[in-house]
K.L.:
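One structure coming up, written as structure tokens, with questions to follow.
Below, chain A is the first sequence line, B the second, and so on; all start at residue 1.
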Amino acid sequence: KQEVTQIPAALSVPEGENLVLNCSFTDSAIYNLQWFRQDPGKGLTSLLLIQSSQREQTSGRLNASLDKSSGRSTLYIAASQPGDSATYLCAVRGTGNQFYFGTGTSLTVIP
Amino acid sequence: NAGVMQNPRHLVRRRGQEARLRCSPMKGHSHVYWYRQLPEEGLKFMVYLQKENIIDESGMPKERFSAEFPKEGPSILRIQQVVRGDSAAYFCASSPPGGVNYGYTFGSGTRLTVV
């Protein structure tokens, strides 16, 4: 069974700093990996989807990389802003029908 | 182009009552997934449906929980005789035909409180 781990569980940074969130997974036989953002009491917003054949995806200040063989993905956030404060979730889709989720990294960006 | 619509947003039920949660997928999406998020835990898969078919219900509790996605209308997650431990956020996601090549689009969730 796929296990997804996100480190750190919580992160607090001053505004303007660049930061990296980490995601690791135990089974490298994946179809794709998706990063989400969840605000308190709200739903999940998709940030980036990386197919297994891709190495990275970029959207604005966000860049996600995928190293399937080592079972790792990183989400890079450039020039962080207070509005980036949220929980970031990594989800991995293997050969089954579901995405497996990590428990997330809670990010606080201090003005 | 409305996203995934879930209702109600909040639902309060007394122990022993039934809870019905509704999910309308995005236009053009025919695959629906239900997930549950317990306090301080990650999202756990419950069930995957296509129109009129349950494809994978490996994450559904064996008793009291059922799901359907009829030919017409939204997908329904039904919880019979609710207990305090059912209190959680229930999220629905949808994806287009083509399955694994696509990611999920999530709804805003239904927060169920059992009192």
Side-chain angles (χ1 to χ4, degrees), chain A residues 1-7 9-10 21 23-27 29-54 57 59 62 64 66 68 73 75 86-106, chain B residues 2-10 21 23 25-26 29-50 53-60 67 88-113:
Chain A
K1 183 192 165 191
Q2 181 75 267
E3 299 283 344
V4 181
T5 303
Q6 291 188 246
I7 295 173
L21 307 181
C23 172
S24 61
F25 46 95
T26 53
D27 186 349
I30 66 168
Y31 279 109
N32 45 46
L33 182 148
Q34 194 167 2
W35 282 93
F36 294 90
R37 166 189 173 137
Q38 185 175 26
D39 293 279
K42 300 290 177 63
L44 281 74
T45 301
S46 178
L47 298 174
L48 290 163
L49 173 70
I50 310 178
Q51 302 296 342
S52 61
S53 58
Q54 298 175 319
Q57 281 284 344
S59 176
L62 305 179
L66 174 63
K68 201 173 72 163
S73 176
L75 179 66
T87 296
Y88 290 81
L89 297 167
C90 167
V92 173
R93 187 166 198 169
T95 54
N97 294 307
Q98 60 176 289
F99 272 95
Y100 289 90
F101 281 81
T103 51
T105 293
S106 177
Chain B
V4 177
M5 304 301 293
Q6 288 190 251
N7 66 81
R9 291 292 302 276
H10 300 275
L21 288 63
C23 169
M26 277 189 71
H29 287 194
S30 57
H31 297 215
V32 167
Y33 309 81
W34 286 93
Y35 280 74
R36 177 164 64 174
Q37 187 175 39
L38 293 165
E40 308 303 324
E41 294 188 21
L43 278 86
K44 302 296 183 186
F45 170 77
M46 300 181 75
V47 62
Y48 161 41
L49 309 105
Q50 296 179 20
N53 282 303
I54 297 174
I55 307 301
D56 182 351
E57 56 182 348
S58 58
M60 287 278 271
Y90 292 83
F91 291 97
C92 168
S94 70
S95 68
V100 297
N101 293 323
Y102 296 93
Y104 283 176
T105 300
F106 273 90
S108 298
T110 293
R111 278 147 188 87
L112 172 66
T113 302

K.L.:
With a 4.5 angstrom heavy-atom cut-off, could you sort out which part of B:Gln37 is near chain A: side chain, backbone, both or neither?
P.N.:
side chain
K.L.:
Given heavy-atom pairs under 4.5 angstrom as the criterion, report whether the side chain, backbone, both or neither of A:Gln38 touches chain B.
P.N.:
side chain
K.L.:
Return the set of residues passing ring-ring contact (aromatic ring centres under 6.0 Å, His included) with A:Phe25 (not counting sequence neighbours), or none when no residue passes.
P.N.:
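Checked A:Phe25 against ring-ring contact (aromatic ring centres under 6.0 Å, His included); zero matches.
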K.L.:
With only heavy atoms counted, which part of A:Leu89 is less than 4.5 Å from chain B, the side chain, the backbone, both or neither?
P.N.:
side chain
K.L.:
Top residue by heavy-atom pair count (under 4.5 Å) with chain B, among A:Gly104, A:Ala91, A:Gly41, A:Gly102?
P.N.:
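Between A:Gly104, A:Ala91, A:Gly41, A:Gly102, the count favours A:Gly41.
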K.L.:
Check the surroundings of atom CE in B:Met60: do more than 12 heavy atoms from other residues, nucleotides or ligands lie under 6.0 Å from it?
P.N.:
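Yes.
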K.L.:
Would you please test A:Phe101 and B:Tyr35 for ring pair (Phe, Tyr, Trp, His ring centres under 6.0 Å) and show each step?
P.N.:
CA-CA 10 Å; A:Phe101 281 81; B:Tyr35 280 74; 5.4 Å; yes
K.L.:
Please find the pair of heavy atoms, one from B:Tyr104 and one from A:Ser46, that lie closest to each other, and give the distance.
P.N.:
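Closest approach of B:Tyr104 to A:Ser46: O-CB, 4.2 Å.
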K.L.:
Where does A:Gln98 contact chain B at under 4.5 Å (heavy atoms): side chain, backbone, both or neither?
P.N.:
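For A:Gln98, the contact with chain B is made by backbone and side chain together.
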K.L.:
Checking A:Leu44 against chain B: side chain, backbone, both or neither under 4.5 Å from a heavy atom?
P.N.:
both
